[in-house]
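What follows is a single structure, written as structure tokens, with notes after it.
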Number of protein chains: 2
Amino acid sequence: MTTTEISKARGEAWLAGADLRPTRQRVLLASLLVGDGRDRHVTAEWLHDAACASGDKVSLATVYNTLRAFTDAGLVQEITVDGTGSYFDTKLDDHPHFYWEDEGRLSDAGSEALQIVNLPDAPDGMDIAKVDIVIRLRAKR
Amino acid sequence: MTTTEISKARGEAWLAGADLRPTRQRVLLASLLVGDGRDRHVTAEWLHDAACASGDKVSLATVYNTLRAFTDAGLVQEITVDGTGSYFDTKLDDHPHFYWEDEGRLSDAGSEALQIVNLPDAPDGMDIAKVDIVIRLRAKR
DNA sequence: GTATTTGCAAACCCTTTGCATTCGT
DNA sequence: ACGAATGCAAAGGGTTTGCAAATAC
């Protein structure tokens with residue numbers, strides 16, 4: 001089995017787990033996202049470029065719609081860092097991120113170390129849905 | 001002195017502290033932001049509406065340009081919560097926020113209590129510019 | 001065969017910009 | 001007067017949507 005075939009099989013299994021039809025485009029995008037078993041933080045544009053670079057073709061609108069579908073299905077989570085676009089993270093739990101301001105890149109921050117103490121109580125009638133933590137990095141001058 | 005006059009005076013002093021020319025529009029927006037001495041989290045649209053409601057008129061483009069100028073001057077900080085827009089916060093230090101998802105509103109979270117333990121070290125050659133913490137609230141069902 | 005998905009282009013929303021006019025000093 | 005700020009309308013960038021053609025089951 002080639003690594004490409006393994007990636008594809010992983011992508012298909014990942015889609016199947018969410019009851020999403022394995023169309024050609026979805027399998028391609030899924031294999032680019034989870035094909036090597038590593039966590040990824042992608043933008044729609046990056047994923048579209050990667051898809052095109054792989055030889056196949058997918059329209060940018062489909063990349064957007066598919067990422068939306070993956071998000072709705074709980075396969076990825078959407079992260080917003082600044083107003084200019086979204087990142088989609090294949091790691092699903094609530095964990096902190098590094099944002100490399102100079103490169104516009106997002107990565108996981110070593111979460112095992114970080115913890116928050118004394119998280120404020122949610123106001124009456126409210127639940128804490130999620131705690132977004134983004135550590136902004138800038139090149140040391 | 002009426003409260004309106006006090007607000008205006010506060011706005012003017014605030015602008016003066018950043019060497020920004022006290023134009024009619026800037027004084028109006030500044031007084032809406034800091035006129036009562038309380039911290040605010042506003043969107044461009046909210047501020048524009050508030051300005052119009054006060055009787056004066058300012059174009060939306062000027063509200064955007066002015067908020068940008070205030071941000072550049074260090075009078076407010078920009079906070080992004082989701083891709084749909086920016087909030088501008090008159091409180092300048094690095095502190096956590098509540099985001100009321102149902103209302104699209106941002107407010108300060110009781111920061112005195114919260115603290116982060118074991119913040120990951122910044123990678124080599126990088127400085128931590130800022131740590132954004134947004135606690136997303138949802139109505140309890 | 002039927003419902004879903006895709007692709008394209010147009011629409012959208014928030015934000016910025018170009019340029020002539022007005023304002024602050 | 002001079003440079004800076006304003007307003008309008010147009011452009012911009014990322015994302016979504018309408019609808020016809022293609023695809024999955």
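Within every chain, numbering begins at 1; the chains are lettered A, B, ... in the order of the sequence lines, protein sequences first and strands thereafter. Being a predicted model, the structure only gives us computed values, none of them experimental.
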Can you figure out which of C:dC8, C:dG24, C:dT6 approaches the side chain of A:T66 most closely? C:dT6

Using the side-chain heavy atoms of B:Q25, tell me which of these nucleotides is nearest: C:dG7, D:dG7, D:dA5. D:dG7

Could you state the [atom1]-[atom2] distance from [X] to [N], rounded to the nearest angstrom?
X     : N      : atom1 : atom2 : answer
B:N65 : C:dC19 : CG    : C1'   : 13 Å
B:L60 : D:dA11 : CG    : C1'   : 15 Å
B:Y87 : C:dC14 : OH    : P     : 11 Å
B:D72 : D:dA4  : CG    : P     : 15 Å
A:D82 : C:dC14 : CG    : P     : 17 Å
A:Y64 : C:dC8  : OH    : P     : 16 Å
A:D19 : D:dA24 : CG    : C1'   : 14 Å
B:L20 : C:dT25 : CG    : C1'   : 15 Å

Quick one: is [X] getting a side-chain N or O under 4.0 Å of the [N] phosphate, OP1 or OP2?
X     : N      : result
B:T23 : C:dC23 : no
A:S59 : C:dT6  : no
A:T62 : C:dT5  : no

Ring centers of B:F70, B:W14 separated by less than 6.0 Å: yes

Which heavy atom in A:L33 sits nearest to a heavy atom in A:L67, and how many Å separate them? CD1-CD2, 4.4 Å

Provide the closest heavy-atom pair for A:F88 versus A:R68 in the form atom of the first, atom of the second, distance. CZ-NH2, 4.4 Å

Could you grab the distance from atom CG of A:D124 to atom NZ of B:K140, nearest 0.5 Å is fine? 7.5 Å

For the CG atom of A:D49 and the OG atom of A:S54, what is their distance to the nearest 0.5 Å? 11.0 Å

Stepwise, does the salt bridge (Lys or Arg N to Asp or Glu O under 4.0 Å) test hold for B:R38 with B:D36? CA-CA 5 Å; B:R38 304 209 282 136; B:D36 65 359; 3.6 Å; yes

For B:G85 and A:V58, take the nucleotide of DNA chain C holding the closest heavy atom to each; which residue's nucleotide lies nearer the 5' end? A:V58

Of B:R68 and A:R26, whose closest DNA chain C nucleotide lies nearer the 5' terminus? A:R26

Nearest-nucleotide wise, let me know which of B:K57 and B:R21 is further upstream toward the 5' end of DNA chain D. B:R21

Verify whether one side chain among B:H41 and B:D108 offers a donor that lies under 3.5 Å from an acceptor in the other. yes

Specify the residues of residues 41-50 of chain B, ordered by number, for which at least one heavy atom lies under 4.0 angstrom from an atom of DNA chain C. none

